[in-house]
Amino acid sequence: MPRRAAEETIEDTLVLHPKCTEHLIGHQEQEKLLLAMINEKRLPHALLVAGQRGTGKATLAYRLARFLLSPREDSGSSLFGGTLPLESLHVAADSPVFRRVVSGGHPDLLVLEGDDIKIDAARKVLEFLALTPAEGGWRVVIIDCAEAMNRNAANALLKILEEPPPQSVIILISHNPGVLLPTIRSRCRMLRVSPLNETEFAGVVDRIAPHIDRNEYGKWALLSGMSPGVALTLIEGSADTLYEELLDLFTRQDTVKLHAFAERFARKDAEEEWQVLKRLVFWLLARIASASAGIKAEVFTGEGEILRNLYSSKSAQFWTEAYEKGGRLFTETENLYLDRKQAIITLMRTICPLR
(Lines give C-alpha, C1' and ligand atoms only; values in the text may rest on other atoms or scores of the structure.)
Protein backbone atom coordinates (compact mmCIF):
# COMPACT_ATOMS: atom_id res chain seq x y z
CA MET A 1 0.00 0.00 0.00
CA PRO A 2 1.43 3.42 -0.92
CA ARG A 3 2.43 5.48 2.08
CA ARG A 4 -0.11 8.24 1.44
CA ALA A 5 -2.93 5.74 0.93
CA ALA A 6 -2.04 4.00 4.19
CA GLU A 7 -2.06 7.32 6.05
CA GLU A 8 -5.50 8.13 4.68
CA THR A 9 -6.76 4.68 5.67
CA ILE A 10 -5.60 5.15 9.25
CA GLU A 11 -7.02 8.66 9.47
CA ASP A 12 -10.35 7.72 7.92
CA THR A 13 -10.88 4.70 10.21
CA LEU A 14 -9.38 6.18 13.39
CA VAL A 15 -12.62 6.30 15.32
CA LEU A 16 -14.08 3.18 13.70
CA HIS A 17 -11.75 0.36 14.73
CA PRO A 18 -9.27 -0.25 17.58
CA LYS A 19 -6.70 -1.69 15.15
CA CYS A 20 -6.07 1.86 13.92
CA THR A 21 -5.36 3.32 17.37
CA GLU A 22 -1.66 3.91 17.93
CA HIS A 23 -1.76 5.18 21.51
CA LEU A 24 -3.29 3.48 24.53
CA ILE A 25 -4.86 5.75 27.15
CA GLY A 26 -5.14 4.15 30.57
CA HIS A 27 -4.54 0.46 31.41
CA GLN A 28 -0.86 1.04 32.24
CA GLU A 29 -0.93 -1.72 34.85
CA GLN A 30 -2.23 -4.25 32.34
CA GLU A 31 0.46 -3.26 29.85
CA LYS A 32 3.16 -3.57 32.51
CA LEU A 33 1.88 -7.04 33.39
CA LEU A 34 2.05 -8.13 29.75
CA LEU A 35 5.58 -6.78 29.42
CA ALA A 36 6.63 -8.57 32.59
CA MET A 37 5.30 -11.88 31.26
CA ILE A 38 7.10 -11.29 27.96
CA ASN A 39 10.39 -10.42 29.63
CA GLU A 40 10.15 -13.46 31.90
CA LYS A 41 9.31 -15.75 28.94
CA ARG A 42 5.95 -16.75 30.42
CA LEU A 43 3.47 -15.17 28.06
CA PRO A 44 0.43 -17.52 28.13
CA HIS A 45 -0.83 -19.13 24.95
CA ALA A 46 -4.31 -17.71 25.59
CA LEU A 47 -5.37 -14.39 27.10
CA LEU A 48 -8.90 -13.46 28.10
CA VAL A 49 -9.12 -9.65 28.07
CA ALA A 50 -12.27 -8.85 30.03
CA GLY A 51 -14.08 -5.70 31.02
CA GLN A 52 -17.07 -3.54 30.26
CA ARG A 53 -17.81 -2.65 26.67
CA GLY A 54 -15.93 0.23 25.06
CA THR A 55 -13.11 0.65 27.59
CA GLY A 56 -10.17 -0.23 25.34
CA LYS A 57 -9.95 -4.02 25.49
CA ALA A 58 -9.60 -4.40 21.73
CA THR A 59 -7.16 -1.49 21.58
CA LEU A 60 -4.97 -3.31 24.10
CA ALA A 61 -5.31 -6.59 22.19
CA TYR A 62 -4.16 -5.05 18.90
CA ARG A 63 -1.36 -3.24 20.72
CA LEU A 64 -0.04 -6.55 22.02
CA ALA A 65 -0.51 -8.21 18.62
CA ARG A 66 1.52 -5.53 16.82
CA PHE A 67 4.28 -5.82 19.39
CA LEU A 68 4.48 -9.60 19.02
CA LEU A 69 4.48 -9.38 15.24
CA SER A 70 7.18 -6.70 15.12
CA PRO A 71 10.73 -8.04 14.59
CA ARG A 72 13.22 -6.91 17.22
CA GLU A 73 15.99 -4.88 15.64
CA ASP A 74 18.68 -6.68 17.60
CA SER A 75 17.35 -10.22 17.41
CA GLY A 76 15.47 -10.83 14.19
CA SER A 77 11.93 -12.05 14.71
CA SER A 78 12.44 -13.74 18.06
CA LEU A 79 10.28 -12.16 20.73
CA PHE A 80 12.43 -13.20 23.66
CA GLY A 81 15.88 -12.71 22.22
CA GLY A 82 17.98 -9.61 22.85
CA THR A 83 16.87 -6.52 24.74
CA LEU A 84 13.15 -5.84 25.03
CA PRO A 85 11.38 -2.54 25.68
CA LEU A 86 10.67 -2.32 29.40
CA GLU A 87 7.82 0.16 29.58
CA SER A 88 5.73 0.03 26.43
CA LEU A 89 4.17 -2.21 23.80
CA HIS A 90 4.03 0.77 21.46
CA VAL A 91 4.55 0.26 17.72
CA ALA A 92 4.60 3.43 15.62
CA ALA A 93 1.75 4.03 13.17
CA ASP A 94 4.19 4.45 10.28
CA SER A 95 5.77 1.03 10.83
CA PRO A 96 5.15 -1.74 8.24
CA VAL A 97 3.59 -4.01 10.86
CA PHE A 98 1.10 -1.35 11.98
CA ARG A 99 0.03 -0.65 8.40
CA ARG A 100 -0.41 -4.31 7.53
CA VAL A 101 -2.51 -4.88 10.64
CA VAL A 102 -4.71 -1.92 9.67
CA SER A 103 -5.14 -3.22 6.13
CA GLY A 104 -5.77 -6.79 7.31
CA GLY A 105 -2.79 -7.97 5.31
CA HIS A 106 -0.48 -9.43 7.95
CA PRO A 107 -0.09 -13.17 7.27
CA ASP A 108 0.55 -14.06 10.92
CA LEU A 109 -2.55 -12.36 12.34
CA LEU A 110 -6.04 -13.84 12.22
CA VAL A 111 -9.03 -11.84 13.48
CA LEU A 112 -12.51 -13.21 14.15
CA GLU A 113 -15.12 -10.60 14.93
CA GLY A 114 -18.86 -10.13 14.77
CA ASP A 115 -22.04 -10.86 16.69
CA ASP A 116 -22.31 -14.51 15.63
CA ILE A 117 -19.10 -16.54 15.35
CA LYS A 118 -19.87 -20.04 14.05
CA ILE A 119 -17.87 -23.26 13.98
CA ASP A 120 -16.47 -22.64 10.49
CA ALA A 121 -14.78 -19.49 11.77
CA ALA A 122 -13.37 -21.36 14.77
CA ARG A 123 -11.96 -24.02 12.46
CA LYS A 124 -10.06 -21.29 10.65
CA VAL A 125 -8.15 -20.75 13.88
CA LEU A 126 -7.02 -24.40 13.90
CA GLU A 127 -6.00 -24.21 10.23
CA PHE A 128 -4.19 -20.91 10.78
CA LEU A 129 -2.23 -22.11 13.81
CA ALA A 130 -1.23 -25.31 11.99
CA LEU A 131 0.72 -23.24 9.48
CA THR A 132 4.35 -22.27 9.83
CA PRO A 133 4.63 -18.55 10.70
CA ALA A 134 5.07 -16.67 7.43
CA GLU A 135 7.67 -14.37 8.96
CA GLY A 136 9.30 -16.82 11.33
CA GLY A 137 7.99 -15.26 14.52
CA TRP A 138 4.65 -15.38 16.28
CA ARG A 139 1.15 -16.17 15.14
CA VAL A 140 -1.61 -14.16 16.82
CA VAL A 141 -5.37 -14.76 16.87
CA ILE A 142 -7.80 -12.08 18.10
CA ILE A 143 -11.43 -13.07 18.79
CA ASP A 144 -13.71 -10.07 19.32
CA CYS A 145 -15.84 -10.89 21.13
CA ALA A 146 -15.60 -14.34 22.69
CA GLU A 147 -19.23 -14.61 23.79
CA ALA A 148 -20.29 -14.23 20.15
CA MET A 149 -19.12 -17.82 19.58
CA ASN A 150 -21.94 -20.33 19.47
CA ARG A 151 -21.63 -23.60 21.39
CA ASN A 152 -20.04 -25.52 18.53
CA ALA A 153 -17.51 -22.77 17.86
CA ALA A 154 -16.61 -22.58 21.54
CA ASN A 155 -16.05 -26.34 21.70
CA ALA A 156 -13.87 -26.21 18.59
CA LEU A 157 -11.78 -23.46 20.13
CA LEU A 158 -11.48 -25.45 23.34
CA LYS A 159 -9.70 -28.24 21.48
CA ILE A 160 -7.16 -25.71 20.21
CA LEU A 161 -6.64 -24.30 23.71
CA GLU A 162 -5.94 -27.80 25.04
CA GLU A 163 -3.02 -28.32 22.66
CA PRO A 164 -1.75 -24.89 21.59
CA PRO A 165 1.13 -24.79 19.10
CA PRO A 166 4.34 -23.02 20.14
CA GLN A 167 4.95 -19.35 19.36
CA SER A 168 1.24 -18.62 19.19
CA VAL A 169 -1.14 -16.46 21.22
CA ILE A 170 -4.94 -16.43 21.17
CA ILE A 171 -6.45 -13.21 22.55
CA LEU A 172 -10.12 -13.46 23.47
CA ILE A 173 -11.94 -10.19 24.11
CA SER A 174 -14.97 -10.46 26.38
CA HIS A 175 -17.55 -8.02 27.72
CA ASN A 176 -19.09 -10.75 29.89
CA PRO A 177 -16.68 -13.61 30.64
CA GLY A 178 -19.20 -15.23 32.97
CA VAL A 179 -21.19 -16.57 29.99
CA LEU A 180 -18.19 -18.36 28.48
CA LEU A 181 -17.62 -22.07 28.99
CA PRO A 182 -15.82 -22.61 32.32
CA THR A 183 -13.32 -24.84 30.50
CA ILE A 184 -12.41 -21.97 28.17
CA ARG A 185 -11.96 -19.56 31.07
CA SER A 186 -9.79 -22.07 32.91
CA ARG A 187 -7.41 -22.38 29.95
CA CYS A 188 -6.91 -18.63 29.56
CA ARG A 189 -5.03 -16.09 31.62
CA MET A 190 -7.59 -13.48 32.66
CA LEU A 191 -6.57 -9.87 32.10
CA ARG A 192 -9.20 -7.53 33.51
CA VAL A 193 -9.52 -4.05 32.02
CA SER A 194 -11.01 -1.53 34.45
CA PRO A 195 -13.15 1.48 33.52
CA LEU A 196 -11.19 4.64 32.78
CA ASN A 197 -11.02 7.57 35.18
CA GLU A 198 -12.33 11.01 34.19
CA THR A 199 -9.01 12.24 32.81
CA GLU A 200 -8.46 9.10 30.75
CA PHE A 201 -12.05 9.17 29.51
CA ALA A 202 -11.60 12.77 28.35
CA GLY A 203 -8.35 11.86 26.62
CA VAL A 204 -9.97 9.11 24.57
CA VAL A 205 -13.04 11.20 23.70
CA ASP A 206 -10.68 13.94 22.51
CA ARG A 207 -9.38 11.45 19.96
CA ILE A 208 -12.52 9.68 18.85
CA ALA A 209 -14.99 12.59 18.98
CA PRO A 210 -13.02 15.86 18.71
CA HIS A 211 -16.17 17.74 17.69
CA ILE A 212 -17.75 17.28 21.14
CA ASP A 213 -17.72 20.27 23.50
CA ARG A 214 -15.54 19.53 26.52
CA ASN A 215 -18.28 20.92 28.75
CA GLU A 216 -20.41 17.93 27.71
CA TYR A 217 -17.86 15.28 28.67
CA GLY A 218 -19.42 14.82 32.11
CA LYS A 219 -22.79 14.04 30.56
CA TRP A 220 -21.37 11.41 28.22
CA ALA A 221 -19.25 9.93 31.01
CA LEU A 222 -22.41 9.41 33.06
CA LEU A 223 -24.50 7.97 30.23
CA SER A 224 -21.73 5.62 29.06
CA GLY A 225 -20.46 4.49 32.46
CA MET A 226 -17.06 6.06 31.68
CA SER A 227 -16.75 3.97 28.50
CA PRO A 228 -15.49 5.96 25.48
CA GLY A 229 -16.55 3.30 23.00
CA VAL A 230 -20.09 3.29 24.34
CA ALA A 231 -20.02 7.09 24.53
CA LEU A 232 -19.23 7.30 20.82
CA THR A 233 -22.25 5.13 20.00
CA LEU A 234 -24.45 7.23 22.27
CA ILE A 235 -23.17 10.48 20.81
CA GLU A 236 -23.86 9.30 17.27
CA GLY A 237 -27.35 8.23 18.38
CA SER A 238 -28.13 11.58 20.08
CA ALA A 239 -28.71 9.61 23.27
CA ASP A 240 -28.78 12.73 25.45
CA THR A 241 -31.88 14.00 23.66
CA LEU A 242 -33.41 10.51 23.70
CA TYR A 243 -32.74 10.22 27.43
CA GLU A 244 -34.62 13.45 28.19
CA GLU A 245 -37.48 12.27 26.00
CA LEU A 246 -37.58 8.91 27.77
CA LEU A 247 -37.55 10.53 31.19
CA ASP A 248 -40.40 12.81 30.13
CA LEU A 249 -42.43 9.75 29.12
CA PHE A 250 -41.75 8.20 32.52
CA THR A 251 -43.23 11.25 34.22
CA ARG A 252 -45.91 12.46 31.80
CA GLN A 253 -46.81 9.46 29.73
CA ASP A 254 -49.81 9.66 27.38
CA THR A 255 -51.09 7.41 24.64
CA VAL A 256 -50.34 9.63 21.67
CA LYS A 257 -46.76 10.42 22.71
CA LEU A 258 -46.04 6.83 23.68
CA HIS A 259 -47.21 5.33 20.39
CA ALA A 260 -45.30 7.92 18.35
CA PHE A 261 -42.18 7.26 20.43
CA ALA A 262 -42.40 3.46 20.18
CA GLU A 263 -43.07 3.56 16.43
CA ARG A 264 -39.60 5.01 15.79
CA PHE A 265 -37.89 1.89 17.12
CA ALA A 266 -40.07 -0.65 15.29
CA ARG A 267 -38.59 0.07 11.85
CA LYS A 268 -36.34 -2.56 10.28
CA ASP A 269 -33.59 0.03 9.81
CA ALA A 270 -33.65 1.16 13.45
CA GLU A 271 -31.41 -1.53 14.96
CA GLU A 272 -28.80 0.93 16.26
CA GLU A 273 -31.49 3.19 17.72
CA TRP A 274 -33.09 0.15 19.40
CA GLN A 275 -29.80 -0.83 21.04
CA VAL A 276 -29.28 2.72 22.33
CA LEU A 277 -32.82 2.77 23.71
CA LYS A 278 -32.30 -0.56 25.49
CA ARG A 279 -29.21 0.76 27.23
CA LEU A 280 -30.92 3.98 28.26
CA VAL A 281 -34.00 2.19 29.63
CA PHE A 282 -31.93 -0.10 31.84
CA TRP A 283 -29.65 2.73 32.89
CA LEU A 284 -32.59 4.95 33.78
CA LEU A 285 -34.36 2.24 35.79
CA ALA A 286 -31.16 1.50 37.72
CA ARG A 287 -30.62 5.23 38.27
CA ILE A 288 -34.14 5.65 39.67
CA ALA A 289 -33.69 2.63 41.95
CA SER A 290 -30.54 4.17 43.42
CA ALA A 291 -31.96 7.71 43.72
CA SER A 292 -32.51 7.27 47.46
CA ALA A 293 -28.74 7.42 47.92
CA GLY A 294 -28.64 10.79 46.20
CA ILE A 295 -27.78 11.95 42.68
CA LYS A 296 -24.26 13.36 42.76
CA ALA A 297 -24.05 14.33 39.09
CA GLU A 298 -26.78 15.20 36.61
CA VAL A 299 -27.08 14.52 32.89
CA PHE A 300 -29.03 17.77 32.61
CA THR A 301 -30.12 20.42 35.09
CA GLY A 302 -33.10 19.26 37.13
CA GLU A 303 -32.62 15.57 36.37
CA GLY A 304 -31.89 14.71 39.99
CA GLU A 305 -35.17 16.11 41.25
CA ILE A 306 -37.13 14.21 38.59
CA LEU A 307 -35.40 10.96 39.54
CA ARG A 308 -36.07 11.46 43.25
CA ASN A 309 -39.74 12.18 42.58
CA LEU A 310 -40.04 9.07 40.45
CA TYR A 311 -38.35 6.96 43.13
CA SER A 312 -40.63 8.23 45.89
CA SER A 313 -43.76 7.65 43.77
CA LYS A 314 -43.28 3.85 43.99
CA SER A 315 -41.70 1.38 46.37
CA ALA A 316 -38.05 0.37 46.09
CA GLN A 317 -39.21 -3.15 45.28
CA PHE A 318 -41.30 -1.82 42.38
CA TRP A 319 -38.26 -0.27 40.67
CA THR A 320 -36.17 -3.40 41.21
CA GLU A 321 -38.91 -5.55 39.68
CA ALA A 322 -39.36 -3.07 36.80
CA TYR A 323 -35.68 -3.47 35.96
CA GLU A 324 -35.98 -7.27 35.98
CA LYS A 325 -39.21 -7.22 33.94
CA GLY A 326 -37.64 -4.90 31.42
CA GLY A 327 -34.70 -7.25 31.00
CA ARG A 328 -36.94 -10.25 30.39
CA LEU A 329 -39.17 -8.29 28.01
CA PHE A 330 -36.33 -7.02 25.85
CA THR A 331 -34.65 -10.44 25.79
CA GLU A 332 -37.86 -12.20 24.71
CA THR A 333 -38.54 -9.51 22.11
CA GLU A 334 -35.15 -10.06 20.49
CA ASN A 335 -34.97 -13.84 20.83
CA LEU A 336 -38.52 -14.45 19.60
CA TYR A 337 -38.57 -11.58 17.08
CA LEU A 338 -41.58 -9.97 18.75
CA ASP A 339 -42.97 -6.54 17.97
CA ARG A 340 -40.58 -3.95 19.38
CA LYS A 341 -43.22 -1.24 19.44
CA GLN A 342 -45.48 -3.39 21.59
CA ALA A 343 -42.57 -4.24 23.90
CA ILE A 344 -41.90 -0.56 24.56
CA ILE A 345 -45.58 0.17 25.15
CA THR A 346 -45.90 -2.81 27.52
CA LEU A 347 -42.89 -1.71 29.56
CA MET A 348 -44.06 1.89 29.81
CA ARG A 349 -47.52 0.85 30.89
CA THR A 350 -45.93 -1.28 33.60
CA ILE A 351 -43.99 1.71 34.91
CA CYS A 352 -46.76 4.29 34.93
CA PRO A 353 -50.41 4.46 33.84
CA LEU A 354 -51.36 6.17 30.59
CA ARG A 355 -53.19 9.48 30.61
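Both backbone and side-chain heavy atoms feed into the values below; hydrogens, waters and symmetry mates do not.
Of the possible donor and acceptor atoms, none in the side chain of Q30 sits under 3.5 Å from a partner among the backbone N and O of L191. Between the R185 side chain and the L48 main chain, no donor and acceptor come within less than 3.5 Å of each other. Without hydrogens or angle criteria, Q52 side chain to P195 main chain gives no donor-acceptor distance under 3.5 Å. Panel note: side chain D248, backbone E244; no donor-acceptor pair is recorded below 3.5 Å. Side chain of D108 to backbone of E135: a donor-acceptor contact under 3.5 angstrom is found. Side-chain N or O atoms of H106 include none that pairs as donor or acceptor with a backbone N or O of R66 at under 3.5 Å. Proximity of a side-chain donor or acceptor of E147 to a complementary backbone N or O of N176 within less than 3.5 Å is detected. With hydrogens and angles disregarded, no donor-acceptor distance shorter than 3.5 Å links the side chain of R214 to the backbone of D206. Between the side chain of R187 and the backbone N or O of L158 there is no donor-acceptor pair closer than 3.5 Å.
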Show your reasoning for whether side-chain contact (heavy atoms from CB on, under 4.5 Å) applies to K257 and M348. CA-CA 11 Å; K257 283 186 176 180; M348 295 304 249; over 6 Å; no

Residue pair L234, L242: steps toward the side-chain contact (heavy atoms from CB on, under 4.5 Å) verdict: CA-CA 10 Å; L234 296 179; L242 179 59; over 6 Å; no

Under the criterion side-chain contact (heavy atoms from CB on, under 4.5 Å), I'd like the reasoning laid out for N155 against L181: C-alpha separation, chi angles, the key distance, then a yes or no. CA-CA 9 Å; N155 284 327; L181 293 176; 3.6 Å; yes

Evaluate M149 against I184 for side-chain contact (heavy atoms from CB on, under 4.5 Å), listing each step before the verdict. CA-CA 12 Å; M149 294 186 293; I184 285 183; 4.3 Å; yes

For residues 270-278, which side-chain donor-acceptor pairs fall under 3.5 Å, sequence neighbours excluded?
from	atom 1	to	atom 2	distance (Å)
E271	OE1	R340	NH1	3.1
E271	OE1	R340	NH2	2.7
E271	OE2	Q275	NE2	2.6
W274	NE1	E334	OE2	2.8
Q275	OE1	K278	NZ	3.4
Q275	NE2	E334	OE2	3.2
K278	NZ	E334	OE1	3.2
K278	NZ	E334	OE2	3.0

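By the salt bridge (charged side-chain N to carboxylate O under 4.0 Å, His left out) test, D269 pairs with R267, sequence neighbours left out.
Here the closest non-hydrogen pair linking V141 and L129 is CG2-CD2, 4.0 Å.
Ring geometry for F250 against W319 counts as parallel: the plane angle stays under 30°, on a 0 to 90° scale with 60° as the upper cut.
Between K219 and E303, no side-chain nitrogen of the basic residue sits less than 4.0 Å from a carboxylate oxygen of the acidic one, so the salt-bridge criterion is not met. Ion pairing of D116 with K118 is present here, as a side-chain N (NZ or NE/NH1/NH2) and a carboxylate O approach within less than 4.0 Å.
A distance of 9.5 Å separates OG in S88 from NE2 in H23, rounded to the nearest 0.5 Å. L35 CG to Q28 CD: the interatomic distance, rounded to the nearest 0.5 Å, is 12.0 Å. The NZ atom of K124 sits 7.5 Å away from atom CG of L112, with the distance rounded to the nearest 0.5 Å. With rounding to the nearest 0.5 Å, the separation of OH in Y62 from OG1 in T21 is 10.5 Å.
Connection of I344 to L310 is established within a shared hydrophobic cluster, with ILVMFWY side chains joined at heavy-atom distances below 4.5 Å, either directly or through further cluster members.
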